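The block underneath contains the structure these notes are about, expressed in structure tokens.
Lettering of chains follows the sequences in order, A, B, ..., and the numbering in each one begins at 1. Everything numeric here is computed off the predicted structure, so don't read it as measured data. Every heavy atom of this structure was used, including side-chain atoms; hydrogens, water molecules and symmetry mates were not.
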There are 4 protein chains.
Amino acid sequence: MDFHEQQPIYLQIVDYVCEKILLKQWGKGDRVPSVRELAVTLEVNPNTVMRAYEFLQQKEIVYNQRGLGLFVADDGVKNARIYRQHEFLHKEVPAFFASMSLLQIGVEELEPMFKKYRKSKA
Amino acid sequence: MDFHEQQPIYLQIVDYVCEKILLKQWGKGDRVPSVRELAVTLEVNPNTVMRAYEFLQQKEIVYNQRGLGLFVADDGVKNARIYRQHEFLHKEVPAFFASMSLLQIGVEELEPMFKKYRKSKA
Amino acid sequence: MDFHEQQPIYLQIVDYVCEKILLKQWGKGDRVPSVRELAVTLEVNPNTVMRAYEFLQQKEIVYNQRGLGLFVADDGVKNARIYRQHEFLHKEVPAFFASMSLLQIGVEELEPMFKKYRKSKA
Amino acid sequence: MDFHEQQPIYLQIVDYVCEKILLKQWGKGDRVPSVRELAVTLEVNPNTVMRAYEFLQQKEIVYNQRGLGLFVADDGVKNARIYRQHEFLHKEVPAFFASMSLLQIGVEELEPMFKKYRKSKA
DNA sequence: GTGGTCTAGACCACC
DNA sequence: GTGGTCTAGACCACA
């Protein structure tokens with residue numbers, strides 16, 4: 001039942017790390033799990049984690065200190081947000097609208113829910 | 001790497017069947033795949049498919065004709081939509097709003113995208 | 001005698017492709033060798049070529065047409081030049097200066113050679 | 001992936017030895033590694049090392065003391081520099097200029113880098 | 001055929 | 001111990 005895994009594993013790992021950073025569970029300058037650690041945790045091949053970390057370095061979300069490990073970059077939070085915003089607007093939002101269309105749900109039904117959501121947060 | 005499986009498999013199968021019905025790929029009165037067939041297609045245990053079909057019968061989306069198989073109910077499309085609407089509004093919408101909040105995306109950014117989406121559909 | 005291979009193979013392949021493009025041997029819109037072809041030509045693993053092509057796509061030097069192959073991008077020449085300029089200025093130039101220093105060669109000795117070079121080209 | 005091996009191995013060994021001498025890692029009168037030692041270190045055939053040492057003796061960079069081994073010549077540093085200068089000016093410099101031309105880099109861009117380089121050394 | 005993803009296991013340099 | 005590179009071989013979706 002793994003039909004439709006939509007995203008490659010390494011990008012799912014990228015999202016996983018971004019979420020940790022955006023939720024401030026991993027702060028600026030903190031060491032992130034080593035390639036091998038995370039590979040064990042997520043039960044994937046170390047190379048797959050490596051690929052995710054390469055991607056995150058290229059996006060300047062984490063950086064490498066030789067022989068020590070990978071750390072959350074100074075602009076890590078900002079860059080993680082920029083990357084995830086882009087993905088959200090170009091992938092999740094269209095899928096969301098497609099579902100709304102299929103289920104014949106109008107925007108007017110969502111607005112009160114959004115207001116309620118904001119109130120509960122404030 | 002199966003962290004984040006959010007839903008039990010049998011409910012994922014329910015969603016799968018509902019989508020087929022809502023997209024009119026399986027029409028009113030059509031025979032739906034047998035438990036064994038679908039179990040093979042989705043590579044899951046037949047018991048799991050059985051559980052999904054029980055659920056769908058209870059929601060009056062499919063019905064059982066003894067010895068012949070399962071068929072899309074007369075109100076199947078309507079009931080599938082009602083079920084999925086409920087799930088969408090109570091699960092996917094809140095998750096969507098939570099993402100918007102985390103990524104600091106405002107409704108005003110979504111509105112033009114929604115208009116564009118509707119136009120492209122019309 | 002492979003001491004000091006300085007650059008990873010996949011970046012050497014990147015340089016190889018950039019040179020072909022900058023020398024106009026592979027023009028804008030041309031199909032570049034497939035991953036498997038180039039792997040055979042250069043006697044390396046297809047994954048290593050894949051890595052080079054991923055890098056080149058990310059730099060917008062080549063682009064992928066699904067199922068057909070990789071092609072030189074519209075701005076391929078420009079982007080190849082930008083990339084190679086950066087590498088040249090940050091890697092080859094310092095090494096060149098270090099050699100000049102070690103061999104006690106002054107800039108004044110190079111200037112006449114450069115003028116001669118330009119004349120021979122014009 | 002050995003395209004671009006530019007120079008025969010024995011001349012690469014010559015360069016290797018010259019660099020050791022110019023960097024004062026092997027001083028005047030010091031014994032240089034035996035043919036067999038260097039062959040093991042560089043993982044090449046002893047005959048290839050032999051050929052390099054013959055070349056270096058002919059250039060009066062090292063000399064042979066029967067039964068004792070090879071030693072850095074009195075004018076070893078000077079002669080190594082003269083040889084390498086010649087090679088540098090006739091091989092590396094033209095290649096460097098060719099790259100500059102291909103990458104459309106002007107001398108004016110290099111001058112500030114050279115000044116900076118000299119300052120950092122002083 | 002094409003590119004792309006993933007695993008397994010190896011070896012390297014750096015600290 | 002760390003990240004990084006490379007190979008070998010598998011499987012997938014797309015055309």
Which part of the nucleic acid, if any, lies within contact of A/Y10, taking any heavy atom under 4.0 Å across all strands shown: a base, the sugar-phosphate backbone alone, or nothing?
-> sugar-phosphate
Taking 4.0 angstrom as the limit, do [X] and [Y] come out as a salt bridge?
X: A/K78; Y: A/E60; answer: no
X: A/K28; Y: A/D74; answer: no
X: A/E54; Y: A/K59; answer: no

Short side-chain N/O contact from C/Q57 to OP1 or OP2 of E/dG3, under 4.0 Å = no
Hey, is the side chain of A/N64 poking within less than 4.0 Å of OP1 or OP2 on F/dG4, counting only N and O atoms?
-> yes
Of C/R66 and A/G69, the one whose closest DNA chain F nucleotide lies more 5' = A/G69
Of A/P46 and C/G67, the one whose closest nucleotide on DNA chain E sits nearer the 5' end is C/G67
How long is the line joining [atom1] of [X] and [atom2] of [N], in whole Å?
X: A/F55; N: E/dC6; atom1: CZ; atom2: P; result: 13 Å
X: A/N45; N: F/dT7; atom1: CG; atom2: P; result: 17 Å
X: A/R51; N: F/dC6; atom1: CZ; atom2: P; result: 15 Å
X: C/F71; N: E/dT2; atom1: CZ; atom2: C1'; result: 10 Å
X: C/Q58; N: E/dG3; atom1: CD; atom2: P; result: 18 Å
X: C/Y63; N: E/dG3; atom1: OH; atom2: P; result: 13 Å
X: A/L38; N: F/dG4; atom1: CG; atom2: P; result: 14 Å
X: C/M50; N: F/dC11; atom1: CE; atom2: C1'; result: 15 Å

C/N47 (side chain) and F/dG9 (base): donor-acceptor pair under 3.5 Å = yes
Is any N or O donor-acceptor pair between the side chain of C/R36 and the base of E/dG1 shorter than 3.5 Å?
-> no
Who pairs with E/dG9 - Watson-Crick or G-U, where each distance is under 3.5 Å | F/dC6
Do the side-chain N and O atoms of C/K91 and C/Q6 include a donor-acceptor pair separated by under 3.5 angstrom?
-> no
Can you tell me which nucleotide in [options] comes closest to the side chain of [X]?
X: C/T48; options: F/dG4, E/dT5, F/dT7; result: F/dT7
X: A/P8; options: F/dG4, E/dT5, F/dT5; result: E/dT5
X: C/E54; options: F/dT5, F/dT7, E/dT5; result: E/dT5
X: C/V35; options: E/dG3, F/dC6, F/dG3; result: E/dG3

Write down the atom of A/E19, the atom of B/L102, and the distance for their closest heavy-atom approach.
-> CG-CD2, 4.4 Å
